[in-house]
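Have a look at the structure below, then the notes.
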Amino acid sequence: MVQDGVPALPGGRVLLVIGGGIAAYKCLELIRRLKERGIQVRCVLTEAAREFVTPLSVAALSVEKVYGDLFSLTDEAEMGHIRLSREADLVVVAPATANLLAKMAHGLADDLASTVLLATDKPVLVAPAMNQMMWGHPATQRNLALLQADGVATVGPNAGDMACGETGSGRMAEPAEILAAILARLGRPGGAPAGGLAGLRALVTSGPTREAIDPVRFIMNHSSGKQGHAIAGELARLGAEVTLVSGPVTLPDPPGVAVVRVETAREMLAACQAALPVDVAVCAAAVADWRPEEAPTQKIKKEAGAPPPSIRLVENPDILRTLAADGPQRPRLVVGFAAETEQVVAHAAAKLRRKNCDWILANDVAPGSGTFGGDRNAVTLLRRDAEPQSWPAGSKVEVARRLVGLIAAEFGRG
Ligand code: CTP
C-alpha cells in the first residue's frame, strides 16, 4: 500500500520528535525496540536534543536520515517539513519537555520539531519528562489540558528519583511503556487493549426520566439520550466495563454496555447506587427535577364544570449530587452536564461547586441551539481550578470521544 507517496511498512511508520531532556537517551532504546518490530522510525531532533544524543547514534539505530534543521536546503529539498509531518501513522514526542509542550499547546512553530507538530494531521502521543516542579507548575498543567482537549494522547510521566536529584512526578515513561502505547495506537498486538480502559469501571446516566401524573399521563422532557449513549459506547469501545442507566429512549443499546432501563428519577438513583463502586461516573441524563406529589392509580377524570386539577410537585433526588457527595463510595471522577439557556458558563460553574463534581460539561440548550434531541453539541468543559475550555461544536459522538480521551488521560491511560 502506498500512502502519501511512501510505501507503508507492514509495521507502521512513526515520526519520533526527540526533545532536549536528559531522558532523550531512553529514545535510543525505544528506536531499537520499534525497529525490532518492523516499524519505520524517522527522527527529528530539536537543537537541545542534540546536546543529549547525537544525530549519528539516532541515524545508526533508526537506519534513516535524521532531521533537525528547518532551514536546511538539503532537508527541505529532500523532504519538506509538511511531507515529513504527514508521512507517518503516528507522531511521538519523547521526551516532551515543558518547552515543547508549551509550544505545541500554543501553536508555536520556530524550529523543525515544532513546525512538524503544527503541520501534522496524524495522531500525536507525548511522553512528558521534566523536573517535578516544572511538571506540577500550573502553566505546564494548563498546557497539558489544552493538548488533551486537542486530542493529544499522553504516556507517563512516572514518579520517582529524577536526574536532577529531586524526587517526584516527571520521569519519562520507560521505553517499554512508550512502546506499548505506540503499538496500541498502531493497532499492533502487544499493545494495551484499544484505548487502554480495560479494568476501568464506569457508570453513565442517559436520557430523560418520566414522572407519572396518573397511569396514562406523565411529565418528561426532550432529552434523546444521544449524548449519554455515545459516551457509554465510547467508554466500552476503549475497554471500560460500563453500566448505562437509561431513562426511556428510542436508541439501540451501545455495544458492550450493560444497560439498566428505568423510568423515574428515583429508579435511576437506585440503579446507579446498585452499580457502585465505579471509578468514573458521567451523569448525562436530563433528570426531571420534580415529580407529581401523588400519582393516582386510576386515570384522573374530567368532571363537567369542575376546574382543571392542579398538580403539586415535589423535588426529585439529585443523582449527580448524591454520587458526588464525599464518602467511601464516591467515584474518583464524577462528571456532570449543565443544560443552560443563559449565562451558560457562570451557571455551570456554580453547578460544579454546588454538586461537588469534578468536571462539568456546560451546554447551551436555548431554543434554536438544536442540542436537545439533535445530533450536535457545543460544550464548554469546566474543571475545578482550571480555565473553562470551549470545544468546537461537533457531533455528540465527537464530544463523547473527546470526553473519553480526557477520562483516559485522567486515569493515566491516555
Ligand atoms: N442531575 C441529576 N439529578 C437531578 C437533576 C440533575 O443527576 N435530579 C444531573 C444531570 O444529569 C446533569 C446535572 O445534574 O449532569 C445538571 O443538570 P441540570 O438539569 O443542568 O441542572 P439542575 O440541577 O436540574 O439545575 P437547574 O435545573 O436549576 O439548572
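Residue numbers start at 1 and run along the sequence shown. First listed ligand is number 1; within each ligand, the first listed atom is number 1.
Here the closest heavy-atom approach between residue Arg42 and residue Tyr67 is recorded as CD-CE1, 4.1 Å.
Salt-bridge formation is not detected for the pair Arg332/Asp358: no Lys NZ or Arg NE/NH1/NH2 atom is positioned less than 4.0 Å from an Asp or Glu carboxylate oxygen. With respect to the salt-bridge test (charged N to carboxylate O, under 4.0 angstrom), the residues Arg401 and Glu398 do not qualify. Look at Glu211 and Arg291 and you find no salt bridge, because none of the NZ, NE, NH1 or NH2 atoms lies under 4.0 Å from a carboxylate O. With respect to the salt-bridge test (charged N to carboxylate O, under 4.0 angstrom), the residues Asp89 and Arg13 qualify.
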Dump the intermediate steps for side-chain hydrogen bond (donor to acceptor under 3.5 Å, both in side chains) on Ser390 and Thr380, then the final yes or no.
CA-CA 4 Å; Ser390 285; Thr380 302; 3.3 Å; yes
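Protein residues are said to neighbour a ligand when one of their heavy atoms lies under 4.0 Å from it; for ligand 1 these are Cys283, Ala285, Val287, Asp289, Pro317, Asp318, Ile319, Leu320, Gly336, Phe337, Ala338, Ala339, Lys351, Lys355.
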